[in-house]
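Okay, so here's the structure we're looking at.
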Amino acid sequence: MSAVHNKARTSSNPERAHTGTPIHEKVLKTLAELGVRSVGDIQQLFYELSQTLNDETNSLVIKGAQSEAERERMCKTFRNRWLGRKSGLIAQADENWLKAAGTDWRRDVGRFFNDLRALVEGKIAALPTEIRLHVGVGSAFADTSSPDLTLPGFRRTLGSVHPVTQVMREIEDIFLGLGFAIESGPEIESVYYNFDALNIPESHPARDDWDTIYVNPETLLRTHTSPVQIRAMEKHGAPLYIICPGKAYRHDNPDSTHATMFHQVEGLAVDTDITFADLKGTLDYFARKFFGDKIKTNFSPSFFPFTEPSGELAISCVFCGGKGCRVCKESGWVEVMGCGMVHPEVLRHGGIDPERYSGWAFGLGVERFAMMKYDINDIQLFQQSDIRFLEQF
Ligand code: DAH
């Protein structure tokens with residue numbers, strides 16, 4: 001582990017936040033001095049620099065120049081400030097952040113650094129055409145408090161809908177088209193709805209798989225969207241066709257496929273004469289609508305306390321077309337959701353007579369669907385707010 005890394009981790013980091021420090025002072029300090037602890041902290045620093053870059057170019061563009069000579073001066077000053085050989089912000093970031101970074105972080109810092117430098121160079125190249133000359137300058141134009149309204153505006157980057165939300169909406173659309181309604185339930189849920197009503201008694205080992213963050217002994221952050229099944233049955237009775245998109249929480253350690261907070265879509269159909277054929281037909285239709293007609297689906301037996309029989313739906317691997325690759329672990333298939341026929345106990349807990357009604361249900365992970373659809377290899381990317389990632393959607 002590098003010196004920077006060690007120091008940052010073991011020191012109590014009194015300076016860690018450095019929130020009030022302006023960025024031109026931050027570039028004079030090394031990452032260790034700034035109390036940087038993670039790649040996210042480094043990314044934040046570079047983000048601040050790029051924000052400063054944007055703010056400064058924007059204000060020059062708004063200001064405009066009175067003459068060609070003034071415009072040249074403005075561009076030169078700006079260039080020196082950013083690309084000056086010794087005291088330019090980029091040179092300082094190079095000296096204090098990149099060169100002083102330990103081996104653990106050099107690659108990440110280098111990546112952010114190169115991106116930023118490219119951004120700076122782009123801005124500098126564009127600046128002479130973006131700073132407009134005030135033609136026919138009179139005293140009114142010289143006064144920046146009365147701006148020239150004929151000047152073109154500057155472009156602001158537009159945000160976009162988060163990929164997880166996009167995928168969630170796409171899933172919703174497919175089920176809305178099939179006549180399902182959208183339900184929601186609380187994220188802070190009772191032990192009863194999260195476990196007991198779903199046929200997971202206190203002694204059941206399945207509770208361990210799902211155990212999570214408790215608010216108090218009776219209340220927790222829901223570990224799945226399944227409790228909404230019970231709430232919806234209680235509220236609407238049968239027949240019932242619903243999906244529930246929403247957040248779920250687990251005590252999983254974060255890695256490339258696990259996050260403590262993630263999104264699920266739950267589905268539930270309850271009616272007279274519902275059979276496993278309804279489940280298969282609907283989920284097969286859904287999977288093809290979402291992943292495309294070329295995929296094949298495969299149902300295999302599984303276990304969930306709230307369904308009997310339980311199954312898992314796999315689709316032929318979208319990356320290799322079913323031939324076998326690293327993503328599908330050479331099997332040609334990727335499991336995408338759990339499903340099954342609603343356990344009679346669960347119907348009873350929802351106030352529905354299992355002698356008269358039957359049902360099927362499923363639960364899927366939205367991030368996983370998004371990762372497969374867009375070939376994303378790390379679930380953490382969804383929560384890092386990195387604009388370079390998000391702007392691709
Ligand atoms: N709740 C399960 C989980 O979080 C997913 C699930 C499986 C939901 C089967 C269902 C189902 O409704 O029938 O892993």
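Atoms within each ligand, like the ligands themselves, are counted from 1 in listed order.
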(message) Centroid separation under 6.0 Å, is that true for the rings of Phe112 and Tyr47?
(response) no
(message) For His349 and Phe306, I'd like to know if the aromatic rings sit close, meaning centre-to-centre distance below 6.0 Å.
(response) no
(request) Write down the atom of Gln380, the atom of Asp255, and the distance for their closest heavy-atom approach. (result) NE2-O, 2.8 Å
(request) Please report the closest heavy-atom contact between Leu60 and Phe78, naming both atoms and the distance. (result) CD1-CD1, 3.7 Å
(request) List the steps, then state whether ring pair (Phe, Tyr, Trp, His ring centres under 6.0 Å) holds for Tyr214 with His251. (result) CA-CA 10 Å; Tyr214 279 81; His251 68 173; over 10 Å; no
(message) I need the contact residues for ligand 1: any residue with a non-hydrogen atom closer than 4.0 Å to the ligand, ordered by chain then number.
(response) Trp210, His224, Ser226, Gln229, Arg250, Gln264, Glu266, Phe304, Phe306, Thr307, Gly338, Cys339, Gly340, Ala361, Phe362, Gly363
(request) List the atom of Leu34, the atom of Trp97, and the distance in Å for their closest heavy-atom pair. (result) CD1-NE1, 3.6 Å
